[in-house]
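Just so it is clear, the values below take in all heavy atoms, side chains as well, and ignore hydrogens, waters and symmetry mates.
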Amino acid sequence: MIKIYTGLKGNLIFLFFIGGLLLFLSIFFLGIAKAIQLLLPLLIVVSYALIIVFLLIILPATFFKNLRPNLCVYSMLTSQLLGVATWMMSFFFVIKAFGFLGIFLALLFQFLAPIALIGAILKGSWHIAGHLTIWISFTNAMRFYSLWLLNLSSRDQNKGDIIDVDAIEVK
């Protein structure tokens with residue numbers, strides 16, 4: 001049988017539960033921040049290596065039409081990996097700059113990177129703001145490029161040869 005506590009005893013049990021939950025979440029988030037701090041130098045190197053691979057290998061290889069479907073997948077994969085690096089850097093900066101309250105301000109994790117970018121600019125951490133700006137830009141550019149390639153390869157399969165520019169014949 002379930003006992004329902006009312007009055008002061010019920011309020012104390014509720015406050016004890018909420019306090020324990022907040023303590024657990026604080027320790028959890030701080031543990032994640034420590035793990036990210038250990039991975040931060042590797043994270044920066046890997047993210048810029050992904051950008052270099054995208055710029056020097058994936059983009060020039062688009063010239064070959066038979067590689068486009070595979071390049072679509074590789075571009076999306078590099079975009080997702082760079083997105084994870086961006087999220088980790090943003091999470092680490094928000095925890096370090098704003099503390100546990102910063103995570104509650106960014107309840108939805110998709111708003112974590114813009115909050116970290118704005119916080120880095122306001123706090124004067126220009127190197128972190130530069131990293132985040134480059135990573136956010138390239139993450140979105142790689143995703144757009146992947147979808148564009150997918151559209152190109154699907155048009156290529158439907159019509160045969162593709163001409164990217166419509167030309168009007170002049171007599």
Side-chain angles (χ1 to χ4, degrees), residues 10-63 68 70-153 164:
N11 289 340
L12 287 176
I13 290 174
F14 177 72
L15 288 176
F16 182 71
F17 175 75
I18 294 298
L21 184 64
L22 287 176
L23 180 66
F24 173 75
L25 288 175
S26 297
I27 292 170
F28 178 72
F29 284 141
L30 289 176
I32 289 175
K34 288 290 184 188
I36 292 172
Q37 184 179 9
L38 291 174
L39 294 174
L40 201 56
L42 178 66
L43 184 70
I44 292 172
V45 170
V46 167
S47 65
Y48 284 112
L50 286 170
I51 291 173
I52 289 170
V53 164
F54 178 74
L55 290 175
L56 297 180
I57 296 174
I58 294 177
L59 278 180
T62 308
F63 179 72
R68 287 181 183 167
N70 293 333
L71 292 174
C72 171
V73 174
Y74 298 144
S75 176
M76 187 60 79
L77 181 64
T78 55
S79 166
Q80 294 297 327
L81 291 174
L82 191 59
V84 167
T86 305
W87 186 89
M88 288 174 73
M89 177 76 139
S90 300
F91 185 86
F92 177 69
F93 183 75
V94 166
I95 285 283
K96 288 297 181 187
F98 304 117
F100 191 58
L101 181 65
I103 296 299
F104 282 124
L105 292 176
L107 286 176
L108 299 174
F109 286 112
Q110 75 186 81
F111 296 124
L112 191 63
I115 287 175
L117 181 61
I118 291 169
I121 291 171
L122 292 178
K123 291 218 177 239
S125 298
W126 301 113
H127 64 286
I128 292 177
H131 286 307
L132 288 175
T133 302
I134 291 170
W135 293 357
I136 291 169
S137 302
F138 269 97
T139 299
N140 292 324
M142 287 177 192
R143 287 182 186 156
F144 175 75
Y145 180 74
S146 176
L147 294 174
W148 179 75
L149 269 181
L150 185 63
N151 186 26
L152 256 173
S153 56
D164 290 332

Q: Report the distance from atom CD1 of I136 to atom OG of S90, rounding to the nearest 0.5 Å.
A: 5.5 Å
Q | S146 side, atom OG; N151 side, atom CG - distance, nearest 0.5 Å | A | 11.5 Å
**Q.** Heavy atoms from other residues, nucleotides or ligands near OH of Y48 exceed 12 (cutoff 6.0 Å)
**A.** yes
Q: Indicate the ring-plane relationship of H127 and H131, choosing parallel, tilted or perpendicular according to the 30° and 60° boundaries.
A: perpendicular
Q.
Tell me the closest heavy-atom pair linking F93 and G119, and the distance in Å.
A. CE2-C, 3.6 Å
Q: Look at the rings of F54 and F138 and say which category their plane angle falls in: under 30° parallel, 30 to 60° tilted, over 60° perpendicular.
A: perpendicular
Q | Where S47 and L82 come nearest, the two heavy atoms and their spacing | A | CB-CD1, 3.5 Å
Q.
Using the rule side chain to side chain contact (heavy atoms under 4.5 Å, CB included), only one of V84, N140, T139, L50 pairs with S79; which is it?
A. T139
Q: Report the distance from atom CG of L132 to atom CD1 of I118, rounding to the nearest 0.5 Å.
A: 11.5 Å
Q. Any side-chain heavy atom of W135 sitting closer than 4.5 Å to one from I51?
A. yes
Q: Kindly indicate, with the supporting measurements, whether the criterion side chain to side chain contact (heavy atoms under 4.5 Å, CB included) is fulfilled by R143 and M76.
A: CA-CA 6 Å; R143 287 182 186 156; M76 187 60 79; 4.1 Å; yes
Q | T133 side, atom OG1; W126 side, atom CH2 - distance, nearest 0.5 Å | A | 10.0 Å
**Q.** Distance in Å, L117 CG paired with L112 CG, rounded so as to fall on 0.5 Å steps
**A.** 11.5 Å
**Q.** From OH (Y74) to OG1 (T78), nearest 0.5 Å
**A.** 11.5 Å
